[in-house]
Amino acid sequence: MPTFIDESGDTGPTAAGGSPYFHLAAVWVPTHDDADQFRERIRQLRRDLGLRVDYEFKFSKTHSRPERREAFFRAAVAQEFRFAVSSINKTKNDWDCTGRREKYRACLTELSALLRPTYCRAEEGKSAPLKEPIVLDENSDRDFLAIAKQQFHALRSNRHPGLPLVAKVLSRGSASDEMLQLVDMVCGAACELIQDDNRTWYNLIAERDVNPRRVI
């Protein structure tokens, strides 16, 4: 039952050129086989669209190619997945004055809390602990990985009291993993809804969201 996490925006102050929002998105799939099936589905989509085998689907790269964006989301919803998004509007509630670690901690805490019920449901009927693996899109900031480990490792099993729901938390480059590309696309769709009230792309995946849109 792997979970994949990506970010959008930045944690820097807006007065220094930082973006007004910082977003984290997470995508969960029921099994490793589901993740592999999705990867193969996207590889087939590249062939169908005549794209390079190493073409990386990114929301920011498909603004001028909406047909590619739609084809990707249509392929995605053919697979089972759930997602959660945590967003900070740095122009409100003094968030612009806080440090990056506090922003990381706030969003990762919310993401882990939003996903916990999904993990607990996935663990029902299993004789062994879930041991959910978490994969972050590669980030050079070691604090981000450290805080992600701390927040997700804190989740405890209902079925196996005292045992953690999450095992490994690691990072990987998105260029070589279609699952991380899915998180980027999901995050982009949610960002357009949150920042611009544009539901065009979010509506294609809305039923997979574990929580209504909310900005802290």
Side-chain angles (χ1 to χ4, degrees), residues 1-9 21-49 51-63 65-87 107-108 110-112 114-115 118-119 122 132-139 144-145 148 152 166 168-195 198-211 213:
M1 297 84 170
T3 298
F4 301 83
I5 297 176
D6 193 16
E7 64 185 278
S8 177
Y21 286 84
F22 176 65
H23 309 274
L24 280 183
V27 167
W28 172 89
V29 290
T31 68
H32 288 286
D33 285 344
D34 286 298
D36 287 340
Q37 288 171 21
F38 176 78
R39 293 181 179 109
E40 181 52 42
R41 190 180 295 274
I42 297 306
R43 290 166 191 154
Q44 181 61 50
L45 177 62
R46 290 194 190 98
R47 293 190 288 268
D48 293 343
L49 296 176
L51 300 174
R52 303 186 319 270
V53 294
D54 61 346
Y55 176 84
E56 183 179 1
F57 282 95
K58 293 183 73 68
F59 196 82
S60 61
K61 289 170 56 176
T62 54
H63 283 296
R65 302 303 296 267
E67 73 282 0
R68 291 183 185 178
R69 190 179 283 179
E70 181 170 1
F72 184 94
F73 282 124
R74 298 292 182 194
V77 296
Q79 294 285 142
E80 177 63 22
F81 72 91
R82 293 289 182 270
F83 74 89
V85 178
S86 179
S87 299
C107 286
L108 287 163
E110 183 177 34
L111 272 192
S112 62
L114 288 172
L115 289 169
T118 299
Y119 296 163
E132 177 82 359
I134 308 288
V135 180
L136 310 177
D137 191 13
E138 203 164 41
N139 185 314
F144 182 65
L145 179 59
F152 277 91
V166 169
K168 294 181 179 179
V169 180
L170 48 88
S171 64
R172 183 185 303 161
S174 61
S176 60
D177 193 337
E178 289 80 7
M179 284 302 307
L180 286 168
Q181 293 171 38
L182 172 59
V183 190
D184 177 276
M185 296 288 280
V186 165
C187 191
C191 290
E192 282 205 348
L193 171 62
I194 293 165
Q195 296 180 206
N198 180 355
R199 302 186 64 93
T200 302
W201 303 107
Y202 176 80
N203 280 348
L204 296 178
I205 55 172
E207 64 179 14
R208 307 300 178 85
D209 195 343
V210 302
N211 193 55
R213 296 280 39 81

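All values reported here derive from a predicted model rather than from experimental measurement. Just the heavy atoms: all of them, side chains too, but no hydrogens, waters or symmetry mates, feed the values below.
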List in chain and number order the residues that pass side chain to side chain contact (heavy atoms under 4.5 Å, CB included) with [X], two or more places apart in sequence or in another chain; answer none if no residue qualifies.
{"X": "A35", "result": "P2, V29, R39, M179"}
{"X": "R41", "result": "A75, A78, Q79"}
{"X": "K61", "result": "Y55, E56, K58"}
{"X": "N198", "result": "E192, D196, T200"}

Look at the aromatic rings of [X] and [Y] and report parallel, tilted or perpendicular, splitting at 30° and 60°.
{"X": "Y202", "Y": "F83", "result": "perpendicular"}
{"X": "H63", "Y": "F59", "result": "perpendicular"}
{"X": "F57", "Y": "F72", "result": "tilted"}

Go through the steps to decide whether R208 and V186 satisfy the test side chain to side chain contact (heavy atoms under 4.5 Å, CB included), and finish with yes or no. CA-CA 10 Å; R208 307 300 178 85; V186 165; over 6 Å; no
Return the [atom1] to [atom2] distance between [X] and [Y], rounded to the nearest 0.5 Å.
{"X": "F144", "Y": "N139", "atom1": "CZ", "atom2": "CG", "value": "5.5 Å"}
{"X": "F38", "Y": "F4", "atom1": "CZ", "atom2": "CZ", "value": "10.0 Å"}
{"X": "T3", "Y": "F81", "atom1": "OG1", "atom2": "CZ", "value": "13.0 Å"}
{"X": "L136", "Y": "L108", "atom1": "CG", "atom2": "CG", "value": "7.5 Å"}
{"X": "L182", "Y": "D6", "atom1": "CG", "atom2": "CG", "value": "10.5 Å"}

When you look at I5 and I134, which way does the side chain to side chain contact (heavy atoms under 4.5 Å, CB included) test go after all the steps? CA-CA 8 Å; I5 297 176; I134 308 288; 3.7 Å; yes
Mind checking side-chain hydrogen bond (donor to acceptor under 3.5 Å, both in side chains) for [X] and listing every partner two or more places apart, or none if nothing turns up?
{"X": "E70", "result": "R74"}
{"X": "S112", "result": "none"}
{"X": "S171", "result": "none"}

The criterion is salt bridge (Lys or Arg N to Asp or Glu O under 4.0 Å); which residues satisfy it with [X], sequence neighbours excluded?
{"X": "E67", "result": "R65"}
{"X": "R82", "result": "E80"}
{"X": "R46", "result": "E178"}
{"X": "D54", "result": "R52"}

Grab the two heavy atoms, one from [X] and one from [Y], that are nearest each other, plus how far apart they are.
{"X": "L49", "Y": "A71", "value": "CD1-CB, 4.4 Å"}
{"X": "G9", "Y": "F22", "value": "C-CD1, 4.2 Å"}
{"X": "A25", "Y": "V183", "value": "O-CG1, 3.3 Å"}
{"X": "C107", "Y": "L24", "value": "CB-CD1, 3.6 Å"}
{"X": "G173", "Y": "S176", "value": "O-OG, 3.5 Å"}
{"X": "A84", "Y": "D209", "value": "CA-OD1, 4.4 Å"}

Between L180, D177, D184, which is the residue that forms a side chain to side chain contact (heavy atoms under 4.5 Å, CB included) with D137? L180
Less than 4.5 Å apart, any side-chain heavy atom of M185 and any of W201? no
Heavy-atom side-chain contact between S87 and Q195 under 4.5 Å: no
Can you name the residues that form a ring pair (Phe, Tyr, Trp, His ring centres under 6.0 Å) with F73, not counting sequence neighbours? none
Main chain of S174, side chain of Q181: is a donor-acceptor contact present, judged purely on distance under 3.5 Å? yes
